[in-house]
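Please read the structure below before turning to the comments.
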Amino acid sequence: MSKTTSDMKTAYDPQAIEAGWYARWEREGLFTADAKSTKPKYTICLPPPNITGELHMGHALNHTLQDICARYRRMAGYEVLFLPGTDHAAIATQNVIEKQLAAEGMTKEQLGREAFESRVAEWYSDVGETIVSQDRILGASLDWTRLRFTMDERYVRSVLTAFVEFYERGWIYRAPRIVNWCPHDRSAISDLEVKWQEHHDTLYFIRYPVEGGGDVVIATVRPETMLGDTGVAVNPNDERYQKLVGKTAILPLVGRRLPIVADEAVEMDFGTGALKVTPGHDPMDYDIGQRHSLDIVNAMNPDGSMNVPGLPYDGLPGVEARKLVVADLKAQGLLVEEEPYTHDVGHCDRCDAIIEPLVSEQWWLRMDKMRDKALAASEAGKVRWHPERYERTYIDWLRGLRDWNIGRQLWLGHRVPVYHCPNGHKTVSVERPRNCGECDSSELTQDPDVLDTWFSSALWPFATLGWPDETEDLRVFYPNDMNSTAREIINLWVSRMIMTGLEFMGEVPFVDVAIHCQVQAADGRRMSKSLGTGVDPRQLIQRYGADAVRAWAASVAMSSQDVRYDESRIEGYRRFCNKLWNATRLVLASGLDGSRAEAPEPYSLELIEDRWILSRLAAARTAVTEGIEGFTFQDSMWAAYAFAWNEFCDWWLEAAKDRLRAHDATALGVAAFCLENLFRLLHPFMPFVTEELWSRMPGGRDYLMRSWWPPDLSLYADGQAELEFSALMDTVEEIRSYRKSITGAPPKGGAVKLELDRGPDWERALSLLAGVAVVHALPPGKPLGLADGSIVFPAVAAADPAVIAKKVAELEKELERVETKLANQEFIAKAPPDVIEKLRERAADLRAAIDRLK
RNA sequence: GGGCGGCUAGCUCAGCUGGGAGAGCGCCAGCUUGACAUGCUGGAGGUCGGGGGUUCGAAACCCUCGCCGCCCACCA
C-alpha cells in the first residue's frame, strides 16, 4: 500500500488523514483481543464513564493514557484487551433526567415510573452512542466486541451474585443508623457522596431550664432540630458543669425531660461548652446517644419537613420551622444570644440539596474483613501507585473505613435481590424466587431499595469478563494490568475494586494504578459545564486533530500538579504533526525506495551526522520506552519530540540534504531507519499521523499498529560521535550568532580555520551547516574567535568593536566566576575530581576564546 | 483539624538521585534558502514565593513563614 509523495500536500491536514484509519484498524480486527493467543496478556478495563453526558477533557486525557499503554503493549508483543463500557450512574443519571423533566415543567412522579424508565432507556442509548463515537475519533483502540454496560443483563447478574455472596457471608445486614439523607432524592447517600460547602449562618444560644432550679445554655446552628433533642451533654472535665451531670433539663417548646450526661466528645471551648444532643439528626450526637442510651427521636420526614406531631411546627419545611422556633424562643425569653457563624454544610454531590442527617433503616455492608485484606495486599506490594504518594491517600482512608451503606431509595439502579413475604421472612436470591425460603409463601415482594452505583462499579475488573461464570476471558484476562483514574475517585472506586477483587477473585484486580492530574480551565477554575468553563474535546480534535490532543494529554497527564488548559500547547503538537509530515515528504521525495530501506549496519557508518543521529535515536528509544513503562508519559513525549524536531529535522536532515538529493544509499537508509523507528515510538501517542506516514514508506507494509516496538538500539549508541557532533553544533551556532550580530557579515560565506584536526567529515558537515569554507590559512581580515578556531568574514574588514566588546565582557564575567571557584581551597579539597577537572578545562577554553577576540 | 501538591522567563509548564537556569507559546530582529512561513535563523527576558540552615557548592536537601489548590475529618 505504498503511496507516492505527489498526493502529499505541503501542509498536514488532520481532518483528511485521520478520517479513514480508525475504520480500517477496526475492520482488520486490530482492536479485538484473542483469548486463545499464546502471547502474554495485557488487560485494561476502561473506567466506565457515567452515562450522564458526553465525554469531557478529563475523559479525553484518561482514555488517551490508557490507549497509549494498550497500543504500546500490543506493539511490544502482548495480547491486549482494552475493554470499553459505560456506567448507569444511578443517582447521577436520575438527576440528569429529573432536571430535563423540570425544564419541561414535570416531575418524575407525574411522569410515572414506567414512562420514566423508558425515558432513561432512551437516554442511555443516545448518550452511549455519543460516548462510543467520541472514543473512536480520539483513536482509542477499544475492543468494541466486548462493550459492557453496568445495566446489561449479564452485568446485573454479577452485581446480584456479589450481593448474595456477601449476604451469605453474613456481611450484609439491615439496621437503623444515622445516614446522610438527601431530601431531594429522598435517599440515603454515602459519606463519600457528600460535598461540603461553606455557609454563613447564625449560632443561636438557647437556655434550657434544669429541673430543681437553674439552667444550661447550649449553642446550635440548627435550632429546629432541638425538637428532636433527647439529652444535654457536657465534657466530664468541665468544672463549670460538674454539678449538672446526672440532672435533667427540660426541653423548651416541647417539655421533654433531657438527661444531662458527661461525654468526652464535647468540646469545652466551643459555644458554652454544653451541647444539645439530637441523636436522630446529628452524627456526633448519635454516637453520644448510643454511649448514654439516649432515646432517638425522628423529627424529620423524608422530604426534609418537620415530623413533630402535636407541635405547631409539624409539617413545616426546615427553614420555616427554624424561623418559628427562634421566634417562639425569643418570645419566651429563652434565646440568650445570636452570633454570626461560618461553617461547612454537607450537600448532595449530585443534586446539591442540603444533606439532613437522620436515622434510617438501611442495607449495610461490613467492610472490616475486606479492608484488612486490602491493607495486607498493599503491604505485600501487590498494587503499585503512580505517582506513589497516592498510596497513602488510599491507605489512610482504608484504615478509617466504616461499614458501607449500600442501599439507595432511588428509581434507578440495581434492585436489592431480597424478597419479603407477608410473614416477615427474607429470601435472598439472584433469580427471583417463586416462594419464600422459610414459609413457602408465594406472595413475595422485592425490596424497594436499589444499590449504590459504586457497588456495581466495584466489580468492574471481573464482572466485565464474565464473573461469576468461569469464562475464558475471566481466566485469561484477570487480573487487569492497569487502572487509570482521577484522584477524586480513589476511595469511591479504586479502593472498592481492590477489595472486591481480593474477595471474589482472590487477587488484586490490577497491578498498576495511574492517577492523572486534573485539567483546569485557563483561568484556574474547575472545568465544568455548569460554570461554562468546559471544553469539548470534539471541537479540539476538529481544530487540531486527535493526534495533537493526545500528544498534549500525554505531555500533561502525569504532572505532579493540576494543569491549566492552554490551547497553544495543543496547537504546538499540531505543528509537530506537520513537521513529521514534511520531514517524511522530504525523505520520500529524495527517491527512497524499498531496496534502500535496509537498517544501517551499526559499525559501518562513517559520517559523523549518521553516527550521531542513530546514537540519538537509540537514546530516544530508551527514553520513550521508560516513560511509558514508568507512567511518566510526558518524558516519552518530550524525548520523541526533541529527537524528531531538534535533532533529526534541525540537524540531521540539514546536514544530509545534499546526500539525499543525490540519492545517496547510506543517507536514504539512515533516513528511513530513523523515520520508521520514530513512527513506531510515536504511534501510541499519535496513532493517526504515524500510521499514515508509515503507509507511505516504501515496501509492502502491514499496519504500523500491528507492527513491533523498536528493540533496544544501543548497538547504535556512540558516545564519541555525540561528543564530536555536539562540538560541531556549538561551532555552527557561534558562527550563526556572529552573522546576526556583526554588521556586514553575509548570510553565507566566510573562512574558518580550526585549531584541532577534526577530520574531513566533521569539516564537511561544518561547511554545509554553517555555510563556511574550512581553510588552513585565513584570508586577510579581522579573525573572530570561535571555541574551536577562528573565522574571517569576507567584506568585514573589522568586526564591530561593540559586538566584540560585549562578547569579551560576557566571557570575562564567566571566567571570573570560574576562577573564583577554582581559587576556593575548600572547593579544591572537597569537590569530586571530575567536577574540578571540568571547571579547569572550562577556564582554559574561556581564556583562549578571550585571547582570540583581543 | 489532619494530610498532600504547587509557587521557576509575560503565559502554560519541564528541571530525576545537589556541580555551568530550560521548552512551547508570546515578544523583538532577519530570512518568499527547492520538506515545512503550521517554517528557518539570531535575540531579549528569570533576586527559581520570602527568610533561615546544611554543604566547597542548593531551583533541587532540612526548618520556617506566606499565598494557591486538592483530599480526608462526627466541633454543635
Side-chain angles (χ1 to χ4, degrees), chain A residues 5 8 10-13 178 191-192 196 203-204 218-222 225 233 265-278 282-288 341 343-344 357 387 389-390 392-393 396-397 400 487-488 490-491 517-518 520 522 524 526 544 555-556 559-569 571-590 630 632 634-635 638 641-642 646 649-650 653-654 657 660-661 733 736-741 747-748 771 814 817-818 821 824-832 834-836 838-839 842:
Chain A
T5 55
M8 285 181 84
T10 58
Y12 176 62
D13 176 5
I178 192 144
D191 292 347
L192 291 171
W196 298 86
L203 188 62
Y204 300 92
I218 57 87
T220 180
V221 274
R222 299 201 304 153
T225 62
V266 182
E267 297 285 333
M268 287 191 283
D269 49 8
F270 186 90
T272 61
L275 171 72
K276 74 192 245 317
V277 184
T278 321
D282 184 281
M284 186 173 91
D285 293 12
Y286 180 83
D287 289 345
I288 294 175
Y341 184 61
H343 64 140
D344 289 337
R389 66 186 134 94
Y390 288 115
R392 253 192 64 194
T393 306
D396 288 349
W397 182 79
R487 59 174 178 264
E488 62 190 10
I490 289 174
N491 298 328
C517 74
Q518 213 88 46
Q520 303 170 335
R526 213 185 158 75
Y544 304 106
S555 69
V556 302
S559 161
S560 63
Q561 61 179 327
D562 288 344
V563 288
R564 292 192 181 192
Y565 172 69
D566 178 6
E567 206 162 306
S568 73
R569 288 184 74 176
E571 178 160 14
Y573 286 110
R574 185 188 63 177
R575 293 187 195 178
F576 181 51
C577 292
N578 185 60
K579 193 72 178 172
L580 293 173
W581 177 263
N582 277 293
T584 308
R585 218 156 61 86
L586 169 66
V587 171
L588 289 176
S590 305
T632 52
Q634 64 276 20
D635 294 345
W638 166 241
Y641 183 98
N646 306 125
C649 291
D650 286 352
L653 277 181
E654 293 303 326
K657 251 180 195 171
L660 288 175
R661 276 190 207 119
E733 281 168 354
R736 286 176 181 165
S737 180
Y738 273 133
R739 287 196 199 284
K740 295 281 179 178
S741 56
K748 273 194 175 179
E814 199 190 336
R817 249 192 357 242
V818 171
K821 213 164 178 183
N824 182 339
Q825 286 311 308
E826 277 187 294
F827 172 73
I828 299 298
K830 294 182 180 169
D834 59 310
V835 173
I836 298 171
K838 241 173 81 181
L839 218 55
R842 180 80 190 128

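First the proteins, then the strands, lettered A, B, ... as listed; each starts at 1. None of these values were measured; they are calculated from a predicted model.
Base-pair partner of G18(B): not found among the strands shown (Watson-Crick or G-U wobble, both distances under 3.5 Å). Pairing for G39(B) is with C31(B), a Watson-Crick or G-U wobble pair whose two hydrogen-bonding atom distances lie under 3.5 Å. Base pairing analysis places G24(B) opposite C11(B); the two distances defining the Watson-Crick or G-U wobble pair are each below 3.5 Å. Using N1 to N3 plus N6-O4 or O6-N4 for Watson-Crick, or N1-O2 and O6-N3 for G-U wobble, each under 3.5 Å, C70(B) pairs with G3(B).
Nearest to the side-chain atoms of Arg569(A) among the listed nucleotides C75(B), C70(B), C13(B) stands C13(B). Of the candidates G5(B), C36(B), C71(B), the closest approach to any side-chain atom of Arg585(A) belongs to C36(B). When the nucleotides C74(B), C56(B), A35(B) are ranked by their closest atom to the side chain of Asp287(A), C74(B) comes out on top. Closest to the Arg389(A) side chain, of the nucleotides G5(B), C56(B), A35(B), is G5(B). Closest contact between the side chain of Arg392(A) and the listed nucleotides G3(B), G30(B), A35(B) involves G3(B). The side chain of Asn491(A) sits closest to C72(B) out of U41(B), C72(B), C56(B). Of the candidate nucleotides A35(B), C13(B), U41(B), U41(B) has the atom nearest to the side chain of Arg736(A).
Using a 4.0 Å heavy-atom criterion, one finds that Val266(A) contacts the bases of the nucleic acid, with or without backbone contacts as well. Residue contacts shown for Pro832(A) include a base, since a base heavy atom lies under 4.0 Å away. Within the 4.0 angstrom heavy-atom criterion, no nucleotide atom of any strand lies near Leu580(A).
No side-chain N or O of Asn578(A) forms a donor-acceptor pair with one of Arg575(A) less than 3.5 Å apart.
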Which donor-acceptor pairs under 3.5 Å do the side chains of residues 265-273 of chain A make with protein atoms, sequence neighbours left out?
| from | atom 1 | to | atom 2 | distance (Å) |
| --- | --- | --- | --- | --- |
| Thr272(A) | OG1 | Val217(A) | O | 2.4 |
| Thr272(A) | OG1 | Ala274(A) | N | 3.2 |

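Side-chain atoms of Gln634(A) and base atoms of A23(B) include no donor and acceptor less than 3.5 Å apart.
Here Arg564(A) reaches the OP1 or OP2 of U12(B): one of its side-chain N or O atoms lies under 4.0 Å away. Between Ser737(A) and the phosphate of G43(B), there is a side-chain N or O to OP1/OP2 separation shorter than 4.0 Å. Note on Lys748(A): every side-chain N or O is 4.0 Å or more away from OP1 and OP2 of U33(B). Close to A35(B), at under 4.0 Å from its OP1 or OP2, lies a side-chain N or O of Arg661(A). The phosphate of G5(B) has neither OP1 nor OP2 within less than 4.0 Å of any side-chain N or O from Tyr390(A). For the pair Gln561(A) and U12(B), the criterion of a side-chain N or O lying under 4.0 Å from OP1 or OP2 is not met. Considering only side-chain N and O atoms, Ser559(A) lies nowhere under 4.0 angstrom from the phosphate OP1 or OP2 of C13(B). Side-chain nitrogen and oxygen atoms of Lys830(A) include at least one within less than 4.0 Å of the OP1 or OP2 phosphate oxygen of C56(B).
Nucleotides of RNA chain B nearest to Asp191(A) and Lys838(A) differ in position, and the one nearer the 5' end is that of Lys838(A).
Here G69(B) presents its C1' atom at 11 Å from CZ of Arg526(A), a figure rounded to the nearest Å. To the nearest angstrom, C1' of G15(B) lies 11 Å from CH2 of Trp638(A). Rounded to whole angstrom, the span from the CD1 atom of Ile828(A) across to the P atom of C56(B) amounts to 14 Å. Put simply, CD on Glu567(A) is 14 Å from C1' on C11(B), counting in whole angstrom units. Atom pair Met8(A):CE and A35(B):P shows a separation of 13 Å (rounding to whole Å applied). In this structure, Asp344(A) atom CG and G1(B) atom C1' are separated by 11 Å, rounded to whole Å. At whole-Å resolution of the value, CG in Asp562(A) and P in C13(B) are 9 Å apart. Counting to the nearest Å, the P atom of U38(B) and the CZ atom of Arg575(A) are 8 Å from each other.
Electrostatic pairing of Arg487(A) and Asp562(A) counts as a salt bridge here, judged by a charged N lying under 4.0 Å from a carboxylate O.
Taking atom C1' on both nucleotides, U33(B) is separated from C40(B) by 9 Å, rounded to a whole Å.
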